[in-house]
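A short write-up of the structure that comes next.
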2 protein chains.
Amino acid sequence: MSTAQGARARARIEVTAAIKEAARRQLAEEGAAKLSLRAVARELGMVSSALYRYFPSRDELLTALIIDAYDSLGAAAEQARDAAAGAAAVARWTAVCEAVRGWALAHPHEYALIYGSPVPGYAAPQTTVPAAARVGLVFIGIVRDTHEDSGLAGLAVPDGLRPEAERMAADLAPDLPPEAITALVAAWAQLFGLVSFELFGQFNKVVEDREAFFRHAVTGLAHGVGLR
Amino acid sequence: MSTAQGARARARIEVTAAIKEAARRQLAEEGAAKLSLRAVARELGMVSSALYRYFPSRDELLTALIIDAYDSLGAAAEQARDAAAGAAAVARWTAVCEAVRGWALAHPHEYALIYGSPVPGYAAPQTTVPAAARVGLVFIGIVRDTHEDSGLAGLAVPDGLRPEAERMAADLAPDLPPEAITALVAAWAQLFGLVSFELFGQFNKVVEDREAFFRHAVTGLAHGVGLR
DNA sequence: GTCTATAACGAGATAGAC
DNA sequence: GTCTATCTCGTTATAGAC
């Protein structure tokens, strides 16, 4: 009886994975806006209604893909952070940035799903938030280590932004100075600007040696958050 | 006869504009991936085959929308630059950045069309390049003015990036130092990272006072390209 | 209980004959 | 330019296999 349940549970996990895999393939070919349950079912030799045992709606399948993508990116970032554990703060920062870029280049359609244009008619639920936060937390961790260790350099915030900076710090990392959190959020957005421009074709005929360019740019971002 | 031709030409321009307008509405509702000539025709009370007199394919209609969007954004940037003509370099820089953000907030779907995920199965032709370059040229102009006037401050490029920096400078602005062009291209991508994060929902529950945050972040970008 | 398959709905897209 | 027949889609109800 327990083995029967185990087999069923295992089968369920496998089918769920197969559905998501097929959906990711479709994501690459048609884009998120055209993701269709029927096409996924067809590819798997199933009938569309059978998919509803695994995902209650098309939107929930999309949500699962989004969470998987955020988690995969987050894991890549965490792994890069751990692999660079002994290095200086700037080196750890750039290592994580390069892991983000590497993941994006390896998974362009999943990247577009989470950091590209919103899917019309779809609103991501709050369930995606923890997975989405993972990358950011890695960067916060690096800044926190430096803050506690050698301190952060050259950060400032104008008076007009002070309340918002304090609000963000209270929300995201109460142990860090508001100036650092403000710079961090900006650097976070700017990092993904660099990745998106490369991935979405904006650097075509502009930047050729993208790896060197990216490394230099994210080193600048590291300095911008007070790492030295 | 010349009046008849004039009227015909005028009608053609009007219909073309109506088609693009309807297409933009569809862009907002269904997204670029689902832009369909048939739906556009329906909205205009035309038959789909009639549209082919104005746009030879869906892709050409998309291209026209993309060029219009780039031109509209470019014009907004140029206007902001001209309006701030007398001000200091950093103020002119932030004014143009704020115009970019303002345009994006006012035209979110057109922004997604040009700076969001690529449309599956569509590749933008070279015809879009001049329009796409307009915003960038505004920023180059500000940096050039400062370079010629008071000079640029604190720019450097590592040895590994030197050849690429020189290649980019030769391509984009041979009269400017390669360090400045490198910083400028990075700032350009980072600016759109800030705008995209706000527009695509990444700042939800993170940044509340977006205007103040943006102003501070782009001031940092201005410093990053050597403006003081 | 858990799953898959059949059939159907209403809506919309599409292809082709006329 | 119009009409129609045939596709697609998400989703549900239902019946039966395991």
Side-chain angles (χ1 to χ4, degrees), chain A residues 1-68 109 113 117-125 127-128, chain B residues 8 11-12 14-16 18-62 65 109 113 117 119-122:
Chain A
M1 199 171 135
S2 78
T3 53
Q5 279 206 354
R8 218 190 315 238
R10 220 175 308 127
R12 186 175 177 83
I13 289 168
E14 271 171 32
V15 175
T16 306
I19 292 171
K20 291 200 284 195
E21 206 180 315
R24 270 188 287 267
R25 257 193 304 277
Q26 225 203 309
L27 213 59
E29 276 160 32
E30 301 282 358
K34 287 191 176 171
L35 176 68
S36 118
L37 280 187
R38 287 187 113 103
V40 169
R42 209 178 307 131
E43 187 175 329
L44 294 172
M46 298 172 74
V47 93
S48 68
S49 57
L51 289 197
Y52 284 83
R53 287 272 150 200
Y54 300 89
F55 297 95
S57 72
R58 190 203 86 127
D59 281 7
E60 299 255 358
L61 173 55
L62 250 188
T63 300
L65 296 177
I66 288 172
I67 290 174
D68 278 8
H109 306 101
L113 178 66
S117 333
V119 182
Y122 171 84
T127 7
T128 58
Chain B
R8 208 175 308 185
R12 184 172 178 84
E14 272 171 32
V15 175
T16 306
I19 292 171
K20 291 200 284 197
E21 206 180 317
R24 270 188 286 269
R25 255 193 306 275
Q26 224 205 312
L27 213 60
E29 276 161 32
E30 301 282 358
K34 286 191 175 171
L35 177 68
S36 110
L37 283 184
R38 282 187 116 88
V40 170
R42 201 180 316 130
E43 188 174 331
L44 294 171
M46 299 171 73
V47 101
S48 64
S49 55
L51 283 199
Y52 287 87
R53 294 200 150 272
Y54 299 89
F55 296 96
S57 70
R58 188 204 81 131
D59 282 9
E60 300 255 357
L61 173 55
L62 251 187
L65 295 177
H109 306 101
L113 178 66
S117 333
V119 183
Y122 171 84

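- The nucleotide whose nearest atom lies closest to any side-chain atom of S36(A) is, among dT2(C), dG10(D), dG1(D), dG10(D).
- Among the protein residues, L51(A) comes within range of no part of the nucleic acid, since none of its heavy atoms lies under 4.0 Å from any strand.
- T16(B) places a side-chain heavy atom less than 4.5 Å from the side chain of F55(B).
- Residue contacts for S48(A): at a heavy-atom cut-off of 4.0 Å it reaches a base atom on one of the strands shown.
- Place P56(A) and A39(A) on DNA chain D by their nearest nucleotides, and A39(A) ends up nearer the 5' end.
- For the pair S117(B) (side chain) and S117(A) (backbone), a donor-acceptor distance under 3.5 Å is present.
- The shortest distance between the side-chain N/O atoms of Y54(A) and the OP1/OP2 oxygens of dT4(C) is below 4.0 Å.
- In this structure, M46(A) atom CE and dA5(C) atom C1' are separated by 11 Å, rounded to whole Å.
- Distance CD/E43(A) to CD/E21(A): 8.5 Å, rounded to 0.5 Å.
- When the P atom of dA11(C) is taken as reference, atom CZ of R38(A) falls 16 Å away, rounded to whole Å.
- The listed nucleotides are dT2(D), dA5(C), dC3(C); the one nearest the side chain of A50(A) is dA5(C).
- Regarding K34(A), its NZ atom lies at a distance of 11 Å from the C1' atom of dA13(C), rounded to whole Å.
- Closest non-hydrogen pair, A32(B) versus L27(B), comes out as CA-CD1, 3.6 Å.
- In this structure, the CZ atom of R12(A) is 12 Å from the C1' atom of dG1(C), given to the nearest Å.
- Look at R53(B) and you won't find any side-chain N or O under 4.0 angstrom from OP1 or OP2 of dG1(D).
- Distance, E30(A) CD to dT8(D) P: 13 Å, rounded to whole Å.
- In this structure the side chain of V15(A) never reaches within 4.5 angstrom of the side chain of R53(A), judged on heavy atoms.
- Atom CG of L61(A) is separated from atom P of dC9(D) by 14 Å (rounded to the nearest Å).
- In this structure, R42(B) reaches the dA13(C) phosphate: one of its side-chain N or O atoms is under 4.0 Å from OP1 or OP2.
- With hydrogens and angles left out, the side chain of S49(A) and the base of dT11(D) share no donor-acceptor pair within 3.5 Å.
- Here dG10(D) presents its P atom at 6 Å from OH of Y52(A), a figure rounded to the nearest Å.
- In this structure, Q26(A) atom CD and dT8(D) atom P are separated by 13 Å, rounded to whole Å.
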